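Let me begin by presenting the structure, written as structure tokens, before commenting on it.
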Amino acid sequence: MVGQIRKVWIVGANGGLGLALTRLMLNQGHQVTAMSRRPCNNLQQLQRDFPGRLAIVVGDINQHGSESFLALADIFEQYGLPSWTINAAGLLHEQSPHHRNMPEKRLSQVTRSFLADNIQANTYTSIAIAQFLDTLYRRDDPFRFLCLSAMVGSISDNRSGGWYSYRMSKAALNMFVKTLSIEWQRRFPHACIAAIHPGTTDTPLSIPFQNNISSDKLYTPQLSADRIYRVLSGLDHEDSGKFFHWDGSEIAW
């Protein structure tokens, strides 16, 4: 148990890493609002295991004015604003009605639709969350917003190419984090927005690529959640606008 009980909002809480983060936060004694686009039996089980500690909101944060927005507002008004927000939602590959969209290996494979889907999931979702957070706080409120990015979003680290849409969407996310940190430094001087590379985690997101990853570089959701928690716990407003590795070191943009 932690000394200070925090209110935590996790978006994408039904995914492998989001679910692990939700479970970890509950085990640490925090109160959690878990948001997912679809109902999730695992979240419902956690709600039974931790009565009165987990609120579940089913909906899409990108759909402004939806019932899920009203549900979030009610929860935050009743129980208090989140001191920590984590965006664990994301897209790497998807199943379409006719074929499976995978990260592109060559320029000729890039399509407008898959690029737009990546930008929507990996970039705009964090923008929508931030826009909602922006309406909640007063100037002197301290809060933290952590976005799950990826090393492949680092332009200076790109030495192998490929994965056009995913790389570009994560690079765009990183630029958003940096840009918003400058605005929030003036608007919310005690706030921190940062990005983190959690490493390759054993979730459905990474399953198609795990054969190319050595076992010591493939991390369990529980381990990745622990690492994210350690980094998040150590963040201060002076860290706003930075991109972190899971070990806490800073990654070049």
Side-chain angles (χ1 to χ4, degrees), residues 10-12 15-18 21 61-62 85-94 101-107 109-131 144-184 192-210 212-213 217-219 221 223-225 227-228 230-232 235 239-253:
I10 300 176
V11 178
L17 191 46
L21 282 164
I61 191 64
N62 295 317
T85 297
I86 305 172
N87 181 17
L91 170 70
L92 178 56
H93 54 87
E94 63 181 0
N101 289 316
M102 300 294 287
E104 311 93 341
K105 296 181 179 179
R106 296 180 298 278
L107 172 64
Q109 296 174 331
V110 178
T111 65
R112 179 172 59 181
S113 61
F114 190 49
L115 174 59
D117 289 346
N118 273 264
I119 294 293
Q120 174 78 14
N122 298 328
T123 309
Y124 187 73
T125 298
S126 288
I127 296 173
I129 294 169
Q131 288 175 330
R144 300 170 188 170
F145 177 25
L146 189 64
C147 303
L148 268 59
S149 187
M151 184 77 80
V152 296
S154 168
I155 295 175
S156 59
D157 187 69
N158 186 358
R159 298 177 179 85
S160 59
W163 288 35
Y164 284 86
S165 294
Y166 189 70
R167 283 186 186 276
M168 288 188 286
S169 65
K170 290 297 187 180
L173 170 63
N174 292 346
M175 177 59 81
F176 168 69
V177 167
K178 178 63 177 179
T179 303
L180 182 60
S181 72
I182 297 170
E183 178 178 344
W184 273 3
C192 176
I193 176 173
I196 188 169
H197 165 68
T200 304
T201 305
D202 187 7
T203 68
L205 198 74
S206 67
I207 283 177
F209 317 101
Q210 291 182 5
N212 300 321
I213 301 170
K217 298 295 184 181
L218 181 64
Y219 310 122
L223 178 58
S224 291
R227 290 166 167 172
I228 292 169
R230 285 198 296 270
V231 172
L232 180 57
L235 292 181
D239 296 311
S240 194
K242 295 181 180 179
F243 182 19
F244 291 98
H245 192 271
W246 58 256
D247 63 6
S249 61
E250 196 172 343
I251 299 175
W253 296 117

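Treat the numbers as computed from the prediction; the structure is a model and nothing was measured.
Of all non-hydrogen atoms in A150 and Y166, the two that sit nearest each other are CB-OH, 3.9 Å. Looking at every heavy atom in both residues, G18 comes nearest to A88 through CA-CB, 3.8 Å. For A128 against I61, the heavy-atom pair with the smallest separation is CB-O, 3.7 Å. N174 approaches A195 most closely through the heavy-atom pair OD1-CB, 3.9 Å. Closest approach of H245 and V231 over heavy atoms only: O-CG2, 4.1 Å. Contact between S149 and P198 at its shortest, heavy atoms only, is O-CD, 3.6 Å.
A distance of 9.5 Å separates SG of C147 from CD1 of I127, quoted to the nearest 0.5 Å. Between the CE atom in M151 and the CD1 atom in I196 there is a gap of 11.0 Å [rounded to 0.5 Å]. A distance of 11.5 Å separates CE of M175 from OG1 of T123, quoted to the nearest 0.5 Å. Between atom OG of residue S240 and atom CG of residue L180 there is a gap of 7.5 Å, rounded to the nearest 0.5 Å. For the atom pair CG (N118) and CH2 (W163), the distance works out to 10.5 Å, reported to the nearest 0.5 Å.
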(request) Evaluate the side chain to side chain contact (heavy atoms under 4.5 Å, CB included) criterion for residues I86 and V11: first the C-alpha distance (whole Å), next the side-chain angles of each, then the deciding distance (0.1 Å), finally the verdict. (result) CA-CA 6 Å; I86 305 172; V11 178; over 6 Å; no

(request) Dump the intermediate steps for side chain to side chain contact (heavy atoms under 4.5 Å, CB included) on I251 and D157, then the final yes or no. (result) CA-CA 9 Å; I251 299 175; D157 187 69; 5.8 Å; no

(message) The test is side chain to side chain contact (heavy atoms under 4.5 Å, CB included); show your working for N87 and L148 and say whether it passes.
(response) CA-CA 6 Å; N87 181 17; L148 268 59; over 6 Å; no

(message) Checking F176 against I193 for the side chain to side chain contact (heavy atoms under 4.5 Å, CB included) test, could you report, in this order, the C-alpha distance in whole Å, the side-chain angles of both residues, the deciding distance, and whether it holds?
(response) CA-CA 10 Å; F176 168 69; I193 176 173; 4.3 Å; yes

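Judged by distance alone, with hydrogens and angles left aside, the side-chain atoms of T85 form no donor-acceptor pair with the main-chain N or O of F145 at under 3.5 Å. Judged by distance alone, the side chain of E104 and the main-chain N or O of V110 form no donor-acceptor pair under 3.5 Å. Judged by distance alone, with hydrogens and angles left aside, the side-chain atoms of S249 form no donor-acceptor pair with the main-chain N or O of F244 at under 3.5 Å. Side-chain atoms of R167 come within 3.5 Å of backbone N or O of V152 as a donor-acceptor pair.
Counting only residues at least two apart or on different chains, no salt bridge (charged side-chain N to carboxylate O under 4.0 Å, His left out) pair has a member in residues 170-182.
Using cut-offs of 30° and 60° for the angle between ring planes, the W253 and F243 rings count as parallel.
Heavy-atom contacts from other residues, nucleotides or ligands closer than 6.0 Å to CD1 of I155 number 12 or fewer.
For A121, the side-chain contact (heavy atoms from CB on, under 4.5 Å) partners at least two apart in sequence or on another chain are L91. Residues passing the side-chain contact (heavy atoms from CB on, under 4.5 Å) test with T111 are S113, F114, sequence neighbours excluded.
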